[in-house]
Amino acid sequence: MSKTPRRVVVGLSGASGMAYGIDLLQTLRRIEGLEIHLVMTQGAKRVLVEEMGKHPEEVELLADAVHRAQDIGASIASGSFRTLGMVIVPCSATSVSKIAYGIADNLLTRAAYVHLKERRPLILVPREAPLPIPTLEALLKAAQAGATILPAAPGFYTRPQSIEDLLAFMTQRVLDLLGLEYPRAPRWKEPEVVEE
Ligand SMILES: Cc1cc2nc3c(=O)[nH]c(=O)nc-3n(C[C@H](O)[C@H](O)[C@H](O)COP(=O)(O)O)c2cc1C
């Protein structure tokens with residue numbers, strides 16, 4: 001039997017915290033033999049410009065394949081297209097809610113739905129505070145359906161010195177959840193790692 005291709009789907013939706021998504025993409029690019037599929041919602045493109053002054057094309061350069069959010073017939077919309085998993089970072093309250101209830105009205109939510117139905121890793125990185133009950137309920141429902149909820153809340157026990165350190169913390173957690181080996185951030189009571 002052929003091995004699962006080393007492919008990861010990265011989704012960016014319209015929440016604050018675009019830097020987390022970009023840091024993850026930049027790190028994934030350094031992992032040899034990994035194919036990165038990217039989908040950004042319209043909301044993500046708006047926040048990217050407003051929050052970071054970046055154009056979506058700059059971020060798209062970090063992926064091997066870029067899919068339009070409207071393209072619900074793209075490869076990643078099908079369960080037969082094998083992947084190691086999907087991460088949505090940052091994940092808006094809107095997208096969390098749609099995913100929780102199986103609403104697949106764009107390629108990002110469809111790909112997330114596919115990962116749940118195929119029982120593949122789906123990691124959601126929400127960035128909203130405070131959290132209202134509808135979003136809390138949606139997060140619980142998504143978790144019950146098989147998603148991993150990884151709030152954009154980096155730890156401080158590794159004594160971060162910079163924003164870069166905070167981003168690295170989150171990226172490392174995503175890599176770990178996807179089962180990808182890459183030393184991005186220090187670990188608790190493990191010797192310091194040096195990035196290649
Ligand atoms: C600058 C900016 C920042 C935003 N930050 C957040 C956020 O942190 N969390 C969130 O859930 N929505 C946030 N939103 C609102 C979402 O972008 C909006 O609800 C959108 O419809 C989400 O749709 P999407 O998930 O399809 O991208 C923000 C919007 C803008 C313009």
Side-chain angles (χ1 to χ4, degrees), residues 8-25 36-63 65-77 83 85-117 120-156 163-164 166-171 173-174:
V8 172
V9 180
V10 178
L12 269 64
S13 66
S16 181
M18 287 294 147
Y20 290 117
I22 293 171
D23 190 82
L24 177 67
L25 286 165
I36 307 165
H37 288 252
L38 173 67
V39 56
M40 276 189 269
T41 63
Q42 277 308 111
K45 291 180 180 183
R46 166 86 187 261
V47 177
L48 198 57
V49 173
E50 300 224 12
E51 184 167 86
M52 301 193 79
K54 273 194 193 295
H55 287 284
E57 297 75 39
E58 281 179 70
V59 176
E60 288 173 356
L61 288 173
L62 299 170
V66 177
H67 304 283
R68 302 281 143 232
Q70 305 91 308
D71 185 8
I72 47 146
S75 54
I76 58 171
T83 72
M86 177 174 185
V87 188
I88 304 182
V89 51
C91 190
S92 75
T94 301
S95 285
V96 166
S97 303
K98 289 185 196 172
I99 292 162
Y101 291 92
I103 298 168
D105 64 340
N106 62 41
L107 185 60
L108 179 130
T109 49
R110 169 65 191 173
Y113 177 90
V114 164
H115 280 75
L116 291 180
K117 91 180 168 76
R120 288 189 213 141
L122 173 64
I123 300 150
L124 307 179
V125 184
R127 206 307 317 168
E128 187 63 282
L131 286 163
I133 287 170
T135 311
L136 287 166
E137 284 180 347
L139 288 165
L140 175 62
K141 213 158 174 53
Q144 285 169 337
T148 299
I149 311 301
L150 176 66
F156 285 78
I163 290 177
E164 158 85 21
L166 298 172
L167 299 176
F169 181 99
M170 290 306 300
T171 293
R173 297 317 316 270
V174 171

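For ligands, and for the atoms within them, numbers begin at 1 and follow the listed sequence.
- Protein heavy atom closest to atom 15 (C) of ligand 1, with residue, atom name and distance, is G14 O, 3.5 Å.
- Close approach of ligand 1 to S13 is summarised as follows: ligand atoms under 4.0 Å from at least one heavy atom of the residue are 25 (O), 27 (O).
- Looking at ligand 1, you won't find any N or O of K98 less than 3.5 Å from one of its N or O atoms.
- Put simply, no part of E51 is less than 4.0 Å from ligand 1, judged by heavy atoms.
- Summarising the local packing, CG of L131 is surrounded by more than 12 heavy atoms from other residues, nucleotides or ligands at distances under 6.0 Å.
- Taking every non-hydrogen atom of G43 and a distance limit under 4.0 Å, the qualifying atoms of ligand 1 come out as 27 (O).
- Across S95 and S13, no two heavy atoms sit closer than the pair OG-CB, 3.6 Å.
- In terms of N/O distances under 3.5 Å, ligand 1 is not approached by E50.
- Proximity of V8 to I36: side-chain heavy atoms (C-beta onward) are nowhere separated by under 4.5 Å.
- Inclusion of N106 in the set of residues having an N or O under 3.5 Å from an N or O of ligand 1 is not warranted.
- Here the closest non-hydrogen pair linking V114 and A77 is CG2-O, 3.2 Å.
- Surrounding CZ of F169 are more than 12 heavy atoms belonging to other residues, nucleotides or ligands, all under 6.0 Å away.
- Put simply, the side chain of Y113 does not reach to within 4.5 Å of the side chain of I103, judged on heavy atoms.
- By the 3.5 Å distance cut-off applied to N or O atoms, S95 is counted among the residues near ligand 1.
- When only non-hydrogen protein atoms are considered, atom 10 (C) of ligand 1 lies nearest to E128 OE2, 3.3 Å.
- Looking at E137, its side chain never comes within 3.5 Å of a backbone N or O of P134 through a donor-acceptor pair.
- At distances below 3.5 Å, not a single donor-acceptor pair connects side-chain atoms of R127 with backbone N or O atoms of A152.
- Geometrically, ligand 1 and A93 share a nitrogen or oxygen pair separated by less than 3.5 Å.
- Listed by atom number, the atoms of ligand 1 under 4.0 Å from T41 heavy atoms are 24 (P), 26 (O), 27 (O).
- What sits closest to atom 19 (O) of ligand 1 on the protein, heavy atoms only, is T94 OG1, 3.2 Å.
- Contact of the E60 side chain with the L38 side chain is registered, since non-hydrogen atoms from C-beta on lie closer than 4.5 Å.
- With respect to atom 9 (N) of ligand 1, the closest heavy atom belonging to the protein is R127 O, 2.9 Å.
- For atom 30 (C) of ligand 1, the closest heavy atom belonging to the protein is V47 CG2, 3.6 Å.
- Annotation for I163: atom CD1 does not count as buried by contact number, only 12 or fewer foreign heavy atoms lying within 6.0 Å.
- Scanning the protein for heavy atoms near atom 5 (N) of ligand 1, the closest one is S16 N, 3.2 Å.
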